[in-house]
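A short worksheet on the structure shown next.
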Amino acid sequence: MFDFSQLRCFAAVAEELHFGRAAARLNMTQPPLSRQIQVLERVLDVQLLERTSRTVRLTAAGRSFLPEAQRILRLAETATHVTRQVAAGRAGVLKFGFTAASAYDFLPRLVTAFRRALPDVTLALREMVSKDQIEELLAGRIDAALVRPPVTHPDLIAVRALAEPLVVALPAGNPLALRDGLTPADLGREPLIGYAPNEARYFHDLVLGLLAEAEIRPPMVQQLTQIHSILALVRASLGIALVPAAAERLRFEGVVFRPLALPAPRPVELLLAWRRDADDPLIAQLVSIVAEMPPA
């Protein structure tokens, strides 16, 4: 079987039609170049070149073999380049999960920064709730994920990607919408559109926890999973809601957002999680990009 060195020698001679120029191009002398061509012809059992003291011509077999040799050499060069890029964490595919709410602001900024830093990497994005993302991470079906706390499995690593405040979403006609800021005590009698305890456990516990600390129990009129659905009910004047500040990016007509003053900070956290045994260099690149992202 022929090797890449023989193909490179043949291609150089075939393209130059001159042994001297081909040898100079390959940074070698003519005798070993001639031997490589002769070995290749013996392996193929055909004559590829017609040589005289003054000229070099391709035979019919040589003309047929040249484009195939060039194609094989290009494939080898591409494979080498891609392999080195993957090893350096600059090429490949990263399967990445995210929650719907992260797509309001953080995910678009992350994707922009990622593509700017690693234009040859393909991001395969999948929207899922945090619980499903954890399962997909552990099964190896995604490489990294943007999830809500907590991440407690020993086979996973998680770092904070974002911390943002909760704000109050109110119907535009609600008298509280006229204020510049609110406290939990202001919400005691307002009907509350909350979060489902199973599908949106993180937000459910966060909101009820801070209300319990303030010793208020507003009437819960609905419990939903997705923030955009909650804002739709706020717009319909069914109640108010506590949502992450990024929800303001949705620009729901008829919904007003007001800051919520708390005795102690209770930020909404978003975590970047990946498997502890992950050896893909792209994970390290992603972690670095997230760490360098400026606040919203």
Side-chain angles (χ1 to χ4, degrees), residues 98-102 104-106 128-134 145-153 156 158-250 252 255-273 295-296:
F98 66 96
T99 62
S102 69
Y104 301 158
D105 176 68
F106 185 79
M128 291 177 281
V129 298
S130 295
K131 176 177 176 294
D132 291 344
Q133 289 193 71
I134 296 299
L146 288 175
V147 297
R148 299 298 180 183
V151 176
T152 58
H153 198 285
L156 299 179
V159 297
R160 179 190 276 186
L162 177 70
E164 60 182 322
L166 281 169
V167 297
V168 185
L170 310 105
N174 189 302
L176 294 179
L178 299 176
R179 301 191 188 180
D180 293 332
L182 301 170
T183 68
D186 296 322
L187 313 180
R189 295 184 180 181
E190 296 292 327
L192 181 68
I193 303 167
Y195 297 88
N198 294 322
E199 295 86 352
R201 181 62 179 269
Y202 171 71
F203 282 107
H204 176 272
D205 291 351
L206 180 66
V207 169
L208 291 190
L210 71 87
L211 293 177
E213 289 176 5
E215 298 182 346
I216 62 173
R217 298 179 64 88
M220 186 81 69
V221 294
Q222 296 287 339
Q223 290 182 305
L224 303 179
T225 302
Q226 298 296 341
I227 292 171
H228 53 267
S229 299
I230 289 174
L231 293 180
L233 297 191
V234 172
R235 178 183 179 184
S237 298
L238 290 185
I240 68 169
L242 299 181
V243 298
E248 298 185 50
R249 302 275 182 168
L250 296 179
F252 261 75
V255 176
V256 175
F257 298 92
R258 291 292 178 261
L260 179 64
L262 298 172
R266 295 293 295 269
V268 178
E269 291 186 291
L270 185 65
L271 305 181
L272 174 66

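Just so it is clear, the values below take in all heavy atoms, side chains as well, and ignore hydrogens, waters and symmetry mates.
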### Task
Please report the C-alpha distance between Val129 and Thr99 in whole Å, then the side-chain angles of each, then the deciding distance to 0.1 Å, and finally whether the side chain to side chain contact (heavy atoms under 4.5 Å, CB included) criterion is met.
CA-CA 5 Å; Val129 298; Thr99 62; over 6 Å; no
### Query
Under the side-chain contact (heavy atoms from CB on, under 4.5 Å) test, which residues partner Ala261, sequence neighbours left out?
Thr183
### Message
Once rounded to the nearest 0.5 Å, what's the spacing between atom CD of Glu190 and atom CD1 of Ile216?
### Response
10.0 Å
### Query
Leu238 versus Pro191: any side-chain heavy-atom pair under 4.5 Å?
no
## Note on the structure
Separation between CD1 (Ile193) and CD1 (Ile230), nearest 0.5 Å, reads 7.5 Å
#### Entry: Within 6.0 Å of CZ in Arg201, more than 12 heavy atoms from elsewhere
no
### Note, Ile227 side chain near Pro244 side chain (heavy atom, < 4.5 Å)
yes
### Query
Which atom pair, heavy atoms only, marks the closest approach of Ala172 to Val256?
CA-CG2, 3.7 Å
### Message
Holding to salt bridge (charged side-chain N to carboxylate O under 4.0 Å, His left out), I want the full list of residues that pass it with Glu248, two or more places apart in sequence or in another chain.
### Response
none
### Message
Looking at Arg258 and Ala177, would you say the former's side chain and the latter's main chain have a donor-acceptor pair under 3.5 Å?
### Response
yes
### Heavy-atom check, side chain of Leu176 versus side chain of Leu187, under 4.5 Å
yes
### Query
Is there a side-chain contact between Val207 and Leu242 (heavy atoms, below 4.5 Å)?
yes
### Query
Passes side chain to side chain contact (heavy atoms under 4.5 Å, CB included), Leu170 versus Leu182? Steps please.
CA-CA 11 Å; Leu170 310 105; Leu182 301 170; 4.1 Å; yes
### Task
Could you check if a side-chain atom of Pro165 sits within less than 4.5 angstrom of a side-chain atom of Leu260, using non-hydrogen atoms only?
no
### Query
Looking only at heavy atoms, which two atoms of Ala245 and Glu164 are closest? And how far apart?
N-OE1, 3.5 Å
### Query
Considering only heavy atoms from C-beta outward, does the side chain of Leu270 approach that of Arg160 to under 4.5 Å?
no
### Task
Starting from the C-alpha separation in whole Å, work towards a yes-or-no answer on side chain to side chain contact (heavy atoms under 4.5 Å, CB included) for Leu271 and Val159.
CA-CA 5 Å; Leu271 305 181; Val159 297; over 6 Å; no
### Query
How many angstroms lie between atom CG of Leu166 and atom CZ of Phe257, to the nearest 0.5 angstrom?
12.0 Å
### Message
I need the Leu211 CG to Arg266 CZ distance, nearest 0.5 Å.
### Response
9.5 Å
### Query
So, the side chain of Tyr104 versus the backbone of His228: is there a donor-acceptor pair under 3.5 Å, distance only?
yes
### Task
Might you point out which heavy atoms bring Leu192 and Ala241 nearest each other, and give the distance in Å?
CD1-CA, 4.1 Å
### Message
side chain to side chain contact (heavy atoms under 4.5 Å, CB included), that's the test. Do Val151 and Ile134 meet it? Break it down for me.
### Response
CA-CA 8 Å; Val151 176; Ile134 296 299; 4.1 Å; yes
### Query
Is it true that a side-chain atom of Gln133 and a backbone atom of Leu146 form a donor plus acceptor pair closer than 3.5 Å?
yes
### Query
Would you call Val234 and Ile240 a side-chain contact if the rule is heavy atoms closer than 4.5 Å?
no
### Task
Please report the shortest heavy-atom distance between Leu231 and Ala169, naming the atom on each side.
CD2-CB, 3.7 Å
### Message
Can you tell whether the side chains of Lys131 and Glu199 come within less than 4.0 Å, N to carboxylate O?
### Response
no
### Query
Are Pro197 and Gln223 close enough that some pair of their side-chain heavy atoms sits under 4.5 Å apart?
yes
### Message
Please check this pair: side chain of Tyr202 against backbone of Val147, looking for a donor-acceptor N/O pair closer than 3.5 Å.
### Response
no
### Task
Write down the atom of Pro219, the atom of Gly188, and the distance for their closest heavy-atom approach.
CD-O, 4.1 Å
### Message
Nearest 0.5 Å, please: how far is OG in Ser229 from OH in Tyr195?
### Response
11.0 Å
### Query
Short question: side chain of Glu269, backbone of Pro149 - any donor-acceptor pair under 3.5 Å?
no
